[in-house]
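Each ligand, and each atom within it, is numbered from 1 in the order the structure gives. In this chain, numbering begins with 1 at the start of the sequence shown. Model, not experiment: these values are computed from the prediction. All values below were derived from every heavy atom in this structure, side-chain atoms included, with hydrogens, water molecules and symmetry-related copies excluded.
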Amino acid sequence: MSAPPRDSASPEGHGDQAARSQGDKSAADRPLHFIEQIVEDDLRTNKWNGRVLTRFPPEPNGYLHIGHAKSICLNFGLAAKYSGLCNLRFDDTNPTKEEDEYVESIQEDVRWLGFDWEDRLFYASDYFEQLYQWAEQLIRAGKAYVCDLTADETREYRGTLTAPGRDSPYRNRRVEENLDLFRRMRAGEFQDGERTLRAKIDMASPNLNMRDPVMYRILHATHHRTGDAWCIYPMYDFTHGQSDSLEKITHSICTLEFENHRPLYDWYCDELGIYHPQQIEFARLNLTYTVMSKRKLLALVKEGLVWGWDDPRLPTICGLRRRGYTPEAIRDFCDRIGVAKFNSTIDVAVLENALREDLNRRAPRAMAVLRPLKIVLTNYPADREEEVDAVNNPEDPAMGTRKVPFSRELVIEQDDFREDPPSKFFRLAPGREVRLRSAYIIKCVDVVKNAQGDIVELHCTYDPESHSGTPAANRKVKGTLHWVSARHALRATVRLFDHLFRTMDPEDVPPGADWHTNLNPNSLEVLDDCYLEPSLAAAKPGDHFQFERLGYFTADRVDSRPGRPVFNRSVALRDTWAKIEKNQR
Ligand code: ATP
Ligand code: MG
């Protein structure tokens with residue numbers, strides 16, 4: 001089994017093709033990344049009594065994207081590699097942005113990626129009562145106080161990176177008063193924003209997160225799980241580490257922007273005197289030509305700039321799935337890009353290449369003509385038809401062959417004919433011969449035009465002795481074209497996609513403009529009357545094919561109907577011509 005050469009765009013060349021094709025096992029063949037090294041050191045020193053327990057902690061405020069896939073593969077991957085476990089935990093502390101729709105979609109996507117949290121599905125909101133008790137504990141210890149500053153005042157008192165903060169006038173309230181006010185906050189006596197509970201740490205700390213951070217805010221909002229039971233909600237920083245602690249997480253892996261939250265993570269665990277996991281930060285995934293922030297993805301969906309969260313042009317997991325990505329390709333991609341401590345942007349071509357390699361192995365070949373040009377074989381009897389044998393997958397002989405109908409009237413791609421061919425154009429032209437894939441050699445003898453001078457059809461002759469598979473088929477011609485018998489064709493819609501953004505970095509905008517400026521107006525092309533070989537009528541939603549010479553296509557999961565699939569191009573072929581010319585008989 002041979003595979004295309006490694007894509008030169010791949011940033012970190014660990015693992016070879018053989019290793020990668022075995023999916024997760026390939027991790028064994030590359031050097032350990034820094035988090036694996038930490039875990040192995042911990043196993044060696046028995047720091048966690050031999051346990052490895054990670055978690056994936058999404059906030060249910062949007063759909064998952066390929067960046068989350070990196071975190072999922074890392075957390076579940078470490079657990080699998082070191083005989084540990086990985087929890088799924090919803091970090092649901094912000095009732096105004098969280099919805100059950102997201103809770104459902106996140107579970108579907110993690111499962112689809114191939115990971116299993118078994119019975120370890122948790123919600124930070126399940127810990128609200130415990131968190132509240134811990135807050136009272138800190139108040140009693142003189143480590144937390146109720147503050148009456150408004151949000152604006154709190155910000156102003158906090159100072160800046162260069163200027164120290166100032167103590168809140170409420171900082172030295174007595175414990176009893178703090179307890180009383182905090183209980184009344186919980187009881188709903190105050191309006192949103194009227195008071196907060198803050199940790200009493202150090203207003204002069206060089207780390208802004210340590211300048212008496214807010215622990216609780218008042219928010220009279222209905223929570224997707226706790227309903228109206230609470231009108232105070234803990235902040236992320238006061239929730240995350242304690243949730244990790246309650247679940248006895250060993251390695252709490254998060255992205256780099258939390259690096260300067262770590263002292264606070266540690267402070268809460270230490271001051272509360274509870275089990276203390278280790279927070280480890282890694283670089284988040286960024287991809288060229290797309291946005292990854294949930295806020296922007298939500299804006300694209302809400303503003304109707306895409307079909308929905310599952311638009312095949314989005315980097316969401318459901319968008320990638322609808323586009324035709326496989327879990328294997330995504331996991332392979334996550335393995336290839338590695339885990340590092342510095343931020344970088346990965347070329348989206350690396351992701352596309354992972355899909356190409358996977359579909360090259362699994363997708364049956366088929367012929368489809370997207371922009372048809374009619375061909376009449378003048379020496380082929382009108383009433384005759386035959387079936388030619390076509391190989392289903394040259395990468396996998398076990399996939400066998402199929403019959404493709406051939407007749408007098410065919411279609412080829414408009415692009416595959418030039419009346420006035422430039423040099424090195426080895427496709428069809430007046431007087432030239434080409435091979436029709438899996439069938440005969442034909443020669444163009446006449447170009448038929450309408451009154452406006454547009455080409456309407458080509459008249460060709462076929463060489464009956466040249467059927468592929470016969471000895472005479474060895475006769476060399478320079479081009480091989482795909483084709484479909486016009487009479488037998490399945491007429492279908494095929495969609496082609498380009499990057500959603502025109503620029504590698506969508507944020508790179510002229511002064512005064514925002515990322516919308518960089519949207520690619522031509523990111524979607526819908527071809528309504530394509531000619532597909534008839535076997536494709538049986539394609540089921542989600543089935544993958546390689547349309548010869550055009551790329552990998554997947555039957556749309558939403559718009560396909562029985563017998564009438566709609567196809568999305570998942571990824572184009574690389575080096576189409578080089579490959580075709582090499583493979584040609
Ligand atoms: P926000 O917090 O702005 O809503 P988020 O992308 O951080 O967005 P979370 O739901 O908090 O969303 O993310 C869940 C987990 O996925 C976190 O551990 C986060 O660090 C990780 N994650 C999110 N985006 C990426 C990314 N681009 N690359 C790697 N990991 C990511
Ligand atoms: Mg987050």
**Student:** Nearest non-hydrogen atom to atom 15 (C) of ligand 1 belongs to which of Phe282, Phe56, Phe90?
**Tutor:**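 Among Phe282, Phe56, Phe90, the closest heavy atom to atom 15 (C) of ligand 1 comes from Phe56.
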**Student:** Examine Thr255 against ligand 1 and note whether any of their N/O atoms are separated by less than 3.5 Å.
**Tutor:**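 N/O-N/O distance under 3.5 Å: yes.
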**Student:** Please assess Arg166 against Glu156 for the test salt bridge (charged side-chain N to carboxylate O under 4.0 Å, His left out), listing each intermediate value before the final yes or no.
**Tutor:** CA-CA 9 Å; Arg166 283 178 294 143; Glu156 191 202 314; 3.1 Å; yes
**Student:** Taking atom types as modelled, find out whether His240 and Arg55 have a side-chain donor-acceptor pair closer than 3.5 angstrom.
**Tutor:** yes
**Student:** Just to be sure I read this right, does ligand 1 sit under 4.0 Å from the backbone of Asn286, its side chain, both, or neither, counting only heavy atoms?
**Tutor:** neither
**Student:** Taking both backbone and side-chain atoms of Pro58, is any N or O found less than 3.5 Å from an N or O belonging to ligand 1?
**Tutor:** no
**Student:** Measure from NZ or CZ of Arg89 to the centre of the six-membered ring of Phe122 and say whether it is under 6.0 Å with the direction within 45° of the ring axis.
**Tutor:**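 Judged by the rule, Arg89 and Phe122 form no cation-pi pair.
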**Student:** Does His65 come within less than 4.0 Å of ligand 1, judged by its heavy atoms?
**Tutor:**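 Per 4.0 Å heavy-atom rule, His65 contacts ligand 1.
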**Student:** Does NZ or CZ of Arg262 lie under 6.0 Å from the centre of the six-membered ring of Trp267, at an angle within 45° of the ring axis?
**Tutor:** no
**Student:** Please determine, by modelled atom types, if Glu40 and Tyr82 share a side-chain donor-acceptor pair under 3.5 angstrom.
**Tutor:**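 Distance-only check passes for Glu40 and Tyr82.
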**Student:** Regarding Asp505 and Thr503, do their side chains bring together a donor and an acceptor under 3.5 Å, going by distance alone?
**Tutor:** no
**Student:** Is any N or O atom of Pro57, backbone or side chain, closer than 3.5 Å to an N or O atom of ligand 1?
**Tutor:**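 No, no N or O pair falls under 3.5 Å.
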**Student:** Do Gln137 and Gln133 pair up side chain to side chain, a donor and an acceptor below 3.5 Å, judged on atom types alone?
**Tutor:**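 There is no such pair (donor and acceptor under 3.5 Å, judged by atom type) between the side chains of Gln137 and Gln133.
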**Student:** Heavy-atom contact check, 4.0 Å cutoff: does Phe258 meet ligand 1?
**Tutor:** no
**Student:** N/O of Lys70 under 3.5 Å from N/O of ligand 1, yes or no?
**Tutor:**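 N/O-N/O distance below 3.5 Å does not exist for this pair.
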**Student:** Run the numbers for me: atoms of ligand 1, each under 4.0 Å from some heavy atom of Asn61, listed by number.
**Tutor:** 4 (O)
**Student:** Among Lys294, Glu59, Glu98, which residue places a heavy atom closest to atom 12 (O) of ligand 1?
**Tutor:** Lys294
